[in-house]
Every structure is written in structure tokens, then in C-alpha cells.
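Below, chain A is the first sequence line, B the second, and so on; all start at residue 1.
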There are 2 protein chains.
Amino acid sequence: MTVRQDVHSVGIPVLCQSCEARHRGVCGALDPDQLVGLAKISSKQTIEPGVELIGDAETVDSYSNVLSGVVKLTKSLSDGRQQIVGLQFAPDFLGRPFKVESAINAEAATAVSLCSFPRASIERMIRESPELEHRLLKQTLNELDEAREWMVTLGRKTAAEKVASFLLMIARNIDPALDPATNTTSFELPLTRADIADFLGLTIETVSRQLTRLRTDGLIRIENNRHVTVTSLKRLASRSGA
Amino acid sequence: MTVRQDVHSVGIPVLCQSCEARHRGVCGALDPDQLVGLAKISSKQTIEPGVELIGDAETVDSYSNVLSGVVKLTKSLSDGRQQIVGLQFAPDFLGRPFKVESAINAEAATAVSLCSFPRASIERMIRESPELEHRLLKQTLNELDEAREWMVTLGRKTAAEKVASFLLMIARNIDPALDPATNTTSFELPLTRADIADFLGLTIETVSRQLTRLRTDGLIRIENNRHVTVTSLKRLASRSGA
DNA sequence: CGTTATATTGACAAGCTTCAAACACCGTGG
DNA sequence: CCACGGTGTTTGAAGCTTGTCAATATAACG
């Protein structure tokens with residue numbers, strides 16, 4: 001028992017021992033030596049909801065792994081209209097390699113903890129480790145798939161379908177093994193109504209109306225604004241457009 | 001002169017000599033030996049507009065470079081509503097590595113010429129050549145940037161802004177060096193009104209109305225439905241939301 | 001317990017879609 | 001040569017979904 005543990009954790013920095021990014025995230029590409037090197041220059045930090053992590057047109061000099069919480073990626077038009085273009089959950093990699101200027105904003109949607117490292121070091125490691133680049137490519141391809149999935153939602157679904165799709169996406173994210181046959185799940189919404197509206201290309205009022213409709217129709221229950229219980233996953237899915 | 005040419009073209013397969021993908025596309029990552037190997041198993045083909053290249057939920061066993069023309073990537077809802085989630089121009093790489101099942105449709109929007117190679121070979125080459133994977137990562141990141149840009153358009157812009165944005169995107173794609181100070185450009189639309197509607201999340205009628213509005217307002221001229229002349233790039237840009 | 005942020009609800013207006021019809025372009029065949 | 005059908009586009013009128021503005025309710029917080 002102790003032997004097995006030693007085999008797996010020998011040379012692994014304390015910081016990384018229980019880190020999810022080492023398993024499912026990009027750090028899984030690194031060998032113990034690289035991990036030690038990276039751990040030396042990386043720092044864990046906790047961020048309050050609403051705090052801006054990366055500003056539009058700012059130069060980015062650090063990348064991060066999301067360890068917990070939800071980060072929203074947003075883009076804005078000159079007159080203030082805003083659109084959320086991505087949500088990042090643990091253990092996603094946060095940052096846009098190979099570009100000094102960010103074209104998007106990143107903001108903590110909930111309380112977030114990050115593991116950050118300097119830009120230069122991670123880009124050097126990418127050059128040295130093809131496996132790291134491979135993981136990045138895979139995550140980027142997944143993000144592209146998600147973005148395209150949401151383009152369909154934004155362009156072609158009704159408000160009712162958008163809200164149902166959003167709830168399903170969150171439910172699946174909280175519990176990836178969610179069986180479509182099960183009827184009931186329950187979770188905390190990581191976003192405010194305003195955020196949900198920015199995510200779905202709707203107004204706060206329309207989001208609210210669609211949620212109350214789902215509530216009065218008996219598909220969901222809502223407590224304290226944020227806690228949602230889906231009482232009929234099947235009926236919810238049938239309203240998501242698919 | 002001839003010496004210089006020889007230096008550059010020695011060992012380069014005839015098929016690839018004048019190919020744009022060798023310069024700006026993924027093939028630029030390959031050395032002459034790899035290029036010869038790939039050229040042996042690749043084939044050039046021409047495709048008519050409207051022909052489906054990759055069907056939804058089909059298993060993909062070949063990848064391609066787009067050599068000319070425009071390929072539209074679409075996703076559909078069960079009831080037939082459709083959304084274009086990407087446009088691919090030369091010399092884009094066409095295909096979704098590391099996934100056997102395609103979740104999207106690819107269809108020739110115009111006449112298209114492709115250079116195709118078997119899935120297995122390209123995936124082997126990716127494993128062997130980090131530089132190839134690097135190029136793929138860069139293209140994927142660019143596609144992700146574009147997708148997110150269009151999410152803002154789909155979610156937050158008005159019909160008028162959407163159409164203006166679309167025209168600007170096409171103009172910039174035809175002439176990447178397009179100076180915002182110049183007033184006039186002219187190009188062939190690679191998409192029908194129906195395609196434009198599917199791209200912008202609108203109906204054919206709304207697209208048509210917005211185009212005639214731009215026409216009667218003197219920002220553009222349209223000949224034969226497809227040929228567009230922008231007469232005031234600045235005014236068009238000011239209507240794109242930005 | 002008052003104060004502020006967040007969410008809900010209602011009435012009305014606007015924008016986009018829907019449905020319908022006319023128009024333009026193009027190749028075919030009489 | 002012109003009538004004809006086909007496809008793609010434009011235009012019009014009406015209706016519905018969503019946005020806007022305003023008021024109220026609920027929750028969060030000192």
C-alpha cells in the first residue's frame with residue numbers, strides 16, 4: 001500500500017500531489033523532473049467571484065490551470081453588449097498560447113482557485129515536450145467542438161431551448177457520468193441570471209421567464225435563486241432542441 | 001536563378017511544388033522525405049458545389065487540405081434547423097484529428113479542390129513530427145478565435161450588424177491585406193442567401209432585406225446576386241457593431 | 001432592520017420570422 | 001426565337017417571440 005503510493009508520488013512536488021491537472025489536465029504530460037521545475041515557478045491563488053483575470057487587449061504574461069470554480073470567457077462590443085464565449089472548469093488550461101495579446105476577457109464567475117506559471121516557462125516546456133503540446137491540442141479541439149455546439153444554440157434555438165440546453169450542460173458538467181435515464185439531479189448554478197443571459201444571447205428577463213416556465217411546468221425546482229433541482233431530465237432534454 | 005529554384009524544389013513532389021498548403025498550411029511542417037511519403041498516398045480531387053464531404057455521425061477515414069474554394073461546416077438540429085459553424089478556405093486543414101466520429105457536416109459551398117490523405121497516415125505523421133502537431137494546434141487556436149468571434153455576432157448583434165459583419169469577413173478573407181482606409185473592394189460571395197442565413201442565424205428573407213438596405217443606402221452594389229462591390233468600407237464597418 | 005444587489009413579473013414596442021407572391025436569371029426544348 | 005419550368009432572390013403584410021421599460025419581490029448584507 002505505502003509502496004505503491006511511493007512509486008507514484010516519488011519526486012512529485014507537494015503542490016501537485018493531489019492536483020487534478022496532473023491527472024486529467026495538461027500537467028499529466030510532464031515527467032517528475034519537469035513537474036518539479038514547473039512547481040518551483042508556479043503559484044496557487046484564490047480569486048473572488050467577479051474579479052477580472054485577463055483583460056481585453058492586455059498582454060498576457062502568465063497561464064494557469066483552473067483547480068476549482070468556474071471562469072467565464074467574455075467578449076464585448078464597443079457599446080457594452082457582452083457575450084460569454086466559453087466557460088472553463090477544473091482542470092482546464094487557461095490562456096491563449098502563441099499570442100501576446102488577448103482578444104477576450106476572463107473573469108471568475110464563482111470563487112476560483114488557480115495554479116499559475118509564467119508565460120515564458122510554459123512556452124519553453126511546450127517546445128521541449130511534444131506530449132504537452134499534444135494535450136493542449138486535444139483541449140483546444142474540445143473547446144472548438146463546444147464553441148461550435150454553442151453556435152448552433154445561439155443561432156438556431158429559441159429562448160426556451162437555450163435555457164433548457166444551458167441547464168443540461170451544467171448538469172452534465174457537474175456530473176459527467178449523468179445517466180439520461182435517471183430523472184433527477186441537483187446542482188448549484190455557477191452563473192447569475194445576467195451571466196446566463198450573456199451566455200445565451202438573451203436578456204435577464206427572458207432567462208427569468210423561461211426558468212419560471214420550466215418551474216411552473218414542473219421540470220425543475222429552484223431554491224435560493226442558485227440551487228436547481230431537475231425533476232425530469234427527460235422532459236428537460238426534450239425541450240432543449242437537441 | 002535556376003540554382004535557387006533547384007535548392008528549394010529538389011526532392012519536392014510535383015504534386016506539392018506549387019501547393020499553397022506547403023507554404024502556409026500544415027504541409028509546411030514536413031521535410032522533403034515526409035512530403036514524398038505523403039504525396040504517394042495523397043490524391044487531388046475536385047468537388048462540385050453542394051456535395052457533402054463529411055456526413056454527421058459518419059466515420060472519417062481521410063483528411064484533406066483545402067486547395068481552393070470554400071467548404072462550409074454545418075450542424076443541424078433534429079427538426080432540420082441548420083447552423084454553419086465554420087468556413088474553411090485554402091489552405092485550411094479539413095478534419096477533426098483524434099476522433100473517429102464526426103459531429104459536423106462538411107459541404108462544398110463553391111467548387112472545391114482538395115488534397116486528401118488517409119487518416120492513419122496523417123495520424124502517424126503527427127506522432128512522428130512535433131512540428132506538424134504544432135501547426136495543427138495553431139490552426140485550431142485560430143479556428144477557436146474565429147468561432148468565438150462569431151459567437152458574439154450570433155448572440156449579440158442585430159440582423160443589420162450581422163450582415164455587415166459577414167460582408168467584412170468575406171472581404172478581408174479575399175484580400176487579407178485589405179486597408180481599412182481604402183474605400184472600395186469587390187468580390188464574389190462564396191455563399192447563397194440561404195447559406196448566409198444559416199451562417200448568421202437568420203432567415204433568407206431577413207438577409208435579403210438587409211442587403212437591399214445596404215444597397216439602397218449606397219454602401220454596396222450587387223450584380224448577378226453574387227458579385228458585391230463595397231463602395232464605402234468605412235461606413236460598412238461602422239454598421240458592423242464591432 | 002434598513003439597504004443594496006439580484007430576480008421576477010407585467011405591459012408594451014420592436015425586430016425578426018412566417019407565409020405568400022412576384023421577380024430575375026438560366027438553361028431546355030418546342 | 002420565345003415559351004416554359006426551375007432555382008434563387010426580392011418584396012410585402014401579418015404575427016409571434018423577444019427586448020425594453022417600469023414596478024415589485026426576494027435575497028444578501030451590514
Query raised in the report: Hey, does Gly201(B) reach any base, or is it just sugar-phosphate, or nothing, if we go heavy atoms under 4.0 Å?
Result: sugar-phosphate
Query raised in the report: Quick one: on DNA chain D, does Asn225(A) or Leu202(A) contact a more 5' nucleotide (nearest heavy atom)?
Result: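 Its nearest nucleotide being more 5', the pick is Leu202(A).
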Query raised in the report: dA7(C) C1' sits how many Å from Leu191(A) CG, rounded?
Result: 15 Å
**Report entry** Below 4.0 Å: OP1/OP2 of dT18(D) and any side-chain N or O of Thr206(A)
**Finding:** no
Query raised in the report: Does Arg209(A) get its side chain close enough to the base of dG10(C), under 3.5 Å, for a donor-acceptor pair?
Result: yes
Would you tabulate the side-chain donor-acceptor contacts of residues 109-116 of chain B under 3.5 Å, counting partners in other chains and residues two or more places apart, or write 'none'?
unit_1, atom_1, unit_2, atom_2, d
Thr110(B), OG1, Val70(B), N, 2.9
Ser113(B), OG, Ser68(B), OG, 3.0
Ser116(B), OG, Gln45(B), NE2, 2.8
Ser116(B), OG, Ser64(B), OG, 2.9

**Report entry** Listed nucleotide nearest any side-chain atom of Thr158(B), set dT18(D), dC16(C), dT9(D)
**Finding:**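 Per side-chain heavy atoms of Thr158(B), the pick is dC16(C).
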Query raised in the report: Between dA28(D) atom P and Glu48(A) atom CD, what is the distance in whole Å?
Result: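 The distance from CD of Glu48(A) to P of dA28(D) comes to 17 Å, rounded to the nearest Å.
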Query raised in the report: Is Arg148(B) reaching over with its side chain to a backbone N or O of Ala147(A), donor-acceptor style, under 3.5 angstrom?
Result: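 It does not hold such a pair.
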Report task. Mind calculating the distance between CD1 (Ile204(B)) and C1' (dT17(C)) to the nearest angstrom? Result ->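 In whole Å, dT17(C) C1' lies 12 Å from Ile204(B) CD1.
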Query raised in the report: Nearest-Å distance, CD (Gln210(B)) to C1' (dT10(D))?
Result: 13 Å
Query raised in the report: To the nearest Å, how far apart are Lys157(B) NZ and dC16(C) P?
Result: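 Roughly 14 Å, once rounded to whole Å.
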Query raised in the report: What integer distance in Å separates Leu214(B):CG from dT10(D):P?
Result: 12 Å
Query raised in the report: To the nearest angstrom, how far is Lys162(A) atom NZ from dT18(D) atom P?
Result: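 Atom-to-atom, Lys162(A) to dT18(D), this comes out as 8 Å.
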Query raised in the report: Is there a side-chain contact between Leu154(A) and Gln83(A) (heavy atoms, below 4.5 Å)?
Result: yes
Query raised in the report: Roughly how many Å is it from CD in Glu223(B) to P in dT10(D), rounded to a whole number?
Result: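 Whole-Å distance recorded here is 13 Å.
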Query raised in the report: Is Leu211(B) touching bases, backbone alone, or none of the nucleic acid, heavy atoms closer than 4.0 Å?
Result: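 If one applies the 4.0 Å heavy-atom cut-off, Leu211(B) turns out to touch nothing in the nucleic acid.
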**Report entry** Distance-only donor-acceptor test, Arg213(A) side-chain atoms vs dT8(C) base atoms, 3.5 Å
**Finding:** no
Query raised in the report: Is there a donor on the side chain of Glu205(A) or the base of dC21(D) sitting less than 3.5 Å from an acceptor on the other?
Result: yes
**Report entry** Parallel, tilted or perpendicular, as decided by the 30° and 60° cut-offs, for the rings of Phe199(A) and Trp150(A)
**Finding:**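 Trp150(A) vs Phe199(A) ring planes: perpendicular.
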Query raised in the report: For the side chain of Arg215(B) and the base of dT11(D), is some donor closer than 3.5 Å to an acceptor across the two?
Result: no
Query - Proximity to the side chain of Ser208(B) - top-ranked nucleotide from dT11(D), dT8(C), dC16(C) - result: dT11(D)
Report task. Please determine, for the side chain of Arg193(B), which listed nucleotide (dT18(D), dT10(D), dT8(C)) has the closest atom? Result ->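 Nearest to the side chain of Arg193(B) among the choices is dT10(D).
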Query - Arg213(A) atom CZ, over 12 foreign heavy atoms within 6.0 Å - result: no
